[in-house]
Amino acid sequence: MAKVELENVTKIFDNKVVAVKDVTLTVEDKEFVVLLGPSGCGKTTTLRMIAGLEEITKGTIKIDGKVVNDVEPKDRDIAMVFQNYALYPHMTVYENMAFGLKLRKFPKDEIDRRVKEAAKILGIEELLDRKPRQLSGGQRQRVAVGRAIVRNPKVFLFDEPLSNLDAKLRVQMRSELKKLHHRLEATIVYVTHDQVEAMTMADKIVIMKDGTVQQIGTPYEVYNKPANTFVAGFIGSPAMNFLNAVVVAEKGGIWIKTSGFKVKVIKEHEPVLEPWIDKEVIFGIRPENIFDKLFAIAPQPENTITGIVDVVEPLGSETLLHVTCGEDSLVARVDPRTKAKEGEKIDLVFDMNMIHVFDKETQKAIL
Ligand code: ATP
């Protein structure tokens, strides 16, 4: 069992920099939790507090139900893999992996067994006699993970472990780490600012901004039911379109009206939006939920808008259209067979099942 609980954890540096503010979250046993957020949002500091490398200003951290606030890092049964791998350059791969166990005075044959087993799991048995400088970035990354595995810790902490790898290797290591998670049945807390990494690997994503938690949810939840405009804009690429709008009641229905168009809300969404009639809101729709009318299934006048194409970006499997409509611009991710031309008019169809509406004042999700 290895459950990690943070209760109202705050970290203030030098009595003034609030790096982490009142963070409460639970990492269940064997769960893969990703802390995601832009640079400086407090992810690394949170991880370092779990590891015991940073003192907690306020709040409690528990591992398996025991408060560890004052427990030394070495006694927390946690292994951390850093961004720069922190391998010892003068030691071989074998020695790097064995080092932590040696310090802990493990018997030699036990060390040998563990190092060889970890090397096998990671496919680096051939590299055990090499020095770090004789390894590629991906191989170094595996050694760093191997060093954590041999300790058989309760919890693995990863701090942006893939950020030094090239794009192709990152994709490969992503699936390797996921497989490793299943194989080791480990509890993992993983820090990244890369939303794709978070979406593809996490059981649960914790989205942070300015030291605070914005939302905790499965990848599906944070993508489909973002709690506020920050989460909605941070997850998804290209980002969700946001437009200033007013909710209006007309012709027996509820409509979203912007400077450039008016679209009708589906019946199921009416009860939620009724209290917002005549109020200013932020309307959100993802590029993938906007279709070129030529390829839309059953377009209706109530969910079709007309705009002017500013830019056409063909990506092969799809085409991105930057479209101006009234005072607003939108990005649509449409069928690559689109006939859209820059400077010309286009009819776009919204999937009204997939729209989002946010309170303009609090930026919190209404729908
Ligand atoms: P990144 O993705 O850039 O690593 P992060 O989300 O991990 O960012 P942290 O490294 O946790 O963010 O930093 C959070 C805030 O705390 C930042 O404003 C940072 O400048 C500040 N901070 C971090 N460490 C210290 C320190 N030792 N002393 C003072 N301020 C610090």
Side-chain angles (χ1 to χ4, degrees), residues 4-27 32-61 63 68-70 72-73 76 78-87 137 140-141 144-145 148 155-167 169-170 173-174 177 187-202 204-217 219 222 226-237 239:
V4 181
E5 293 161 279
L6 277 69
E7 289 166 11
N8 307 104
V9 170
T10 295
K11 175 69 188 182
I12 304 172
F13 286 106
D14 313 321
N15 280 324
K16 53 176 195 285
V17 183
V18 185
V20 175
K21 201 170 153 193
D22 222 12
V23 166
T24 296
L25 72 97
T26 301
V27 183
F32 195 136
V33 169
V34 174
L35 306 183
L36 173 70
S39 185
C41 72
K43 310 177 293 284
T44 298
T45 305
T46 305
L47 203 69
R48 288 173 58 83
M49 285 192 284
I50 298 172
L53 298 172
E54 209 72 75
E55 243 179 73
I56 303 165
T57 310
K58 253 193 324 215
T60 315
I61 296 184
I63 298 175
V68 295
N69 286 30
D70 299 319
E72 288 286 310
R76 290 194 186 194
I78 275 177
M80 189 151 167
V81 179
F82 297 94
Q83 184 173 0
N84 57 10
Y85 318 142
L87 299 178
R140 267 182 231 161
Q141 214 280 334
V145 174
V155 183
F156 288 89
L157 304 178
F158 287 93
D159 190 2
E160 308 234 7
L162 307 186
S163 58
N164 288 337
L165 305 180
D166 65 48
L169 201 52
R170 256 201 322 261
M173 286 308 290
R174 231 159 52 197
L177 282 177
T187 303
I188 294 180
V189 187
Y190 186 107
V191 161
T192 182
H193 61 264
D194 181 337
Q195 49 132 344
V196 178
E197 257 176 48
M199 292 293 282
T200 51
M201 293 199 287
K204 196 159 87 185
I205 300 179
V206 179
I207 297 175
M208 296 181 70
K209 180 195 171 208
D210 299 336
T212 61
V213 171
Q214 301 289 306
Q215 185 170 5
I216 300 178
V222 296
N228 55 36
T229 51
F230 175 78
V231 175
F234 195 74
I235 301 273
S237 177

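If you read the sequence from its start, that first residue is 1, and numbering goes on from there. Excluded from the calculations below are hydrogen atoms, water molecules and symmetry mates; all remaining heavy atoms, backbone and side chain alike, are included. Atoms within a ligand are numbered from 1 in the order they appear, just like the ligands themselves.
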Problem - Test item: Lys11 side-chain N/O and Gly42 main-chain N/O as donor-acceptor pair under 3.5 Å - result: no
Exercise for the section: For the pair Thr192 (side chain) and Ala198 (backbone), establish whether a donor and an acceptor sit closer than 3.5 Å, ignoring hydrogens and angles. Expected result: no
Cut-off 3.5 Å, no hydrogens considered: what does the side-chain donor-acceptor table look like for residues 17-25, sequence neighbours left out?
unit_1	atom_1	unit_2	atom_2	d
Asp22	OD1	Asn8	ND2	3.1
Thr24	OG1	Asn8	N	2.9

Handout entry: Separation between CG of Asp159 and OG1 of Thr44, rounded to the nearest 0.5 Å
Key = 4.0 Å
Problem - Inter-residue atom distance Thr200.OG1 - Arg174.CZ, 0.5 Å rounding - result: 4.0 Å
Completion exercise
So for Glu160 against ligand 1, with non-hydrogen atoms under 4.0 Å, the contacting part is side chain
Handout entry: Residue part near ligand 1, for His193, under 4.0 Å between non-hydrogen atoms
Key = neither
Problem - Phe234 to Gln195 - nearest heavy-atom pair and separation - result: O-CD, 3.8 Å
For [atom], what's the nearest protein heavy atom and its distance?
{"atom": "atom 2 (O) of ligand 1", "answer": "Lys43 NZ, 2.9 Å"}
{"atom": "atom 12 (O) of ligand 1", "answer": "Gly42 N, 3.2 Å"}
{"atom": "atom 3 (O) of ligand 1", "answer": "Ser39 OG, 2.6 Å"}
{"atom": "atom 7 (O) of ligand 1", "answer": "Thr44 OG1, 2.7 Å"}
{"atom": "atom 27 (N) of ligand 1", "answer": "Phe13 CE2, 3.4 Å"}

Practice task
Check whether any heavy atom of Pro38 sits under 4.0 Å from an atom of ligand 1.
Solution key: yes
Problem - pair Phe158-Leu47: side-chain heavy atoms closer than 4.5 Å - result: no
Practice task
For the residue pair Thr46 and Val9, establish whether any side-chain heavy-atom pair is separated by less than 4.5 Å.
Solution key: no
Is there any N or O on [X] that sits under 3.5 Å from an N or O of ligand 1?
{"X": "Cys41", "result": "yes"}
{"X": "Thr46", "result": "no"}
{"X": "Ala19", "result": "no"}

Problem - Closer than 4.0 Å: a protein non-hydrogen atom to atom 20 (O) of ligand 1 - result: no
Exercise for the section: Could you walk me through whether Leu53 and Met80 pass side chain to side chain contact (heavy atoms under 4.5 Å, CB included), step by step? Expected result: CA-CA 10 Å; Leu53 298 172; Met80 189 151 167; 4.0 Å; yes
Fill in the blank from the handout: The atoms of ligand 1 lying under 4.0 Å from a heavy atom of Gly40, numbered in the order shown, are 1 (P), 3 (O), 5 (P), 6 (O), 8 (O), 12 (O), 14 (C), 15 (C), 17 (C)
Fill in the blank from the handout: Closest to atom 13 (O) of ligand 1 by heavy-atom distance, out of Leu36, Thr45, Asp210, is Thr45
